Q: 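Here it is, the structure, as structure tokens.
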Amino acid sequence: MTRREWLQLSAAPLASALRAAEVSSLRLEIVRLRLKHTWTTVMSSSEYRDNLHLVYTRGGIAARGEGAPIPRYQEDAASARRAVESLRGLIESADPRQFRKLSAEIARRLPGQYAAKAAIDIALMDWVTQQLGVPLYRYLGLDPRDTPVTTFSIGIDTPEITRQKVREAAAFPVLKIKVGLATDEETIAAVRAETSKPLRVDANEGWKDKEEAVRKIRWLESQGVEFVEQPMPAAMLEETRWVRSRVNIPIFADEACLHAEDIPRIAVAFDGVNIKLMKCGGIQAALRMIETARAFGLKVMLGCMIESSIGITAAAHLSPLVDYADLDGNLLIANDPYRGVTVENGKLVLPNRPGLGLLPAN
Ligand code: MG
């Protein structure tokens with residue numbers, strides 16, 4: 001055998017193995033997450049949420065992403081799935097190590113559909129950091145001991161069930177209470193009948209009148225509430241600014257601020273912003289939002305939708321960068337398929353494993 005023949009023979013299996021390792025595949029599934037309690041906010045009431053789960057495989061590494069579509073922005077699981085399918089060719093042929101280039105191309109091709117974008121982005125970042133063999137927080141240069149306490153959210157319910165939910169949340173040092181209906185005083189009274197813990201309140205745009213909003217917030221101040229999220233409709237920026245100048249606790253934006261480019265406009269009316277991977281389109285977009293919010297002197301909270309441990313763990317890896325966390329979506333569901341971030345005495349504990357660090361639930 002000549003040297004040339006030997007090289008050709010020995011290189012052939014290696015080359016095909018290398019090619020196989022460089023093939024990407026995408027698997028999509030709509031997963032029904034069942035809620036432990038009926039989940040009621042000003043916007044809706046539901047027993048379950050359908051989210052898009054995505055497995056991206058390349059070079060023997062399986063990475064996971066999740067999209068929790070937000071109905072308020074005309075997204076659902078089916079539209080998120082169609083959106084990812086429309087990008088399948090692009091994603092499967094791209095080099096995930098060049099994720100910034102790929103994300104820019106996705107943003108150019110796909111208007112809206114931020115839950116779909118988040119699912120792709122989370123999976124890409126999981127893949128890249130698994131491939132490097134480091135946890136996502138380490139890749140981002142963060143100290144896992146800097147994670148904040150997460151609130152546990154109490155959805156709107158009868159006073160009896162509210163009291164039961166507060167008892168069930170005994171392990172959490174701070175609670176987030178959903179308000180925004182005519183029953184707000186009863187809800188807070190039910191919570192206060194059970195606990196004297198600090199509370200944070202989310203009105204989900206529920207108060208339409210600025211004087212009513214001031215009245216309610218002043219009363220909440222007397223009830224040990226630390227801050228209020230989105231007291232008035234997103235479009236009522238001027239009214240929110242008026243309210244903010246008449247109350248003593250900070251006002252956070254949620255529905256009024258979806259993307260980094262919203263921050264300069266809303267910074268005049270709010271003290272802080274609730275950043276969610278599902279609103280802005282994933283980890284990279286959330287990092288841009290955090291930096292932009294800081295540039296405008298705003299406090300930062302990381303929030304979530306009803307999500308499994310995929311989405312919640314992805315957000316938790318960014319949490320050493322923020323002041324407050326409301327990352328409890330996975331704790332509200334009965335059938336989380338994964339384990340990732342955990343909570344100890346309310347504090348987020350990041351998995352010390354490569355990538356997001358997800359394991360199967362069982
Ligand atoms: Mg909110």
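This is a predicted model, so every value here is computed, not measured. Read the numbers this way: they start at 1 and go in the same order the structure lists the ligands and their atoms.
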Q: Are Val243 and Val268 connected in a single hydrophobic cluster, I mean Ile/Leu/Val/Met/Phe/Trp/Tyr linked by side-chain heavy atoms less than 4.5 Å apart?
A: no

Q: Considering residues at least two apart in sequence or located in another chain, which fulfil the side-chain hydrogen bond (donor to acceptor under 3.5 Å, both in side chains) criterion with Thr158?
A: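 Applying side-chain hydrogen bond (donor to acceptor under 3.5 Å, both in side chains) to Thr158 gives none.
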
Q: Does Asp323 come within less than 4.0 Å of Arg294, counting only side-chain N to carboxylate O?
A: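 Yes, Asp323 and Arg294 are salt-bridged.
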
Q: Between Lys176 and Glu229, is the closest basic N to carboxylate O distance under 4.0 Å?
A: yes

Q: Which pair of heavy atoms, one from Ile263 and one from Cys257, lies closest together, and at what distance?
A: CG1-SG, 3.6 Å

Q: How many N, O or S atoms of the protein are nearer than 2.8 Å to the Mg ion (ligand 1)?
A: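 For the Mg ion (ligand 1), the figure is 3.
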
Q: Would you call Glu105 and Arg109 a salt bridge, using N to O less than 4.0 angstrom?
A: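 Looking at Glu105 and Arg109, the cut-off is met.
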
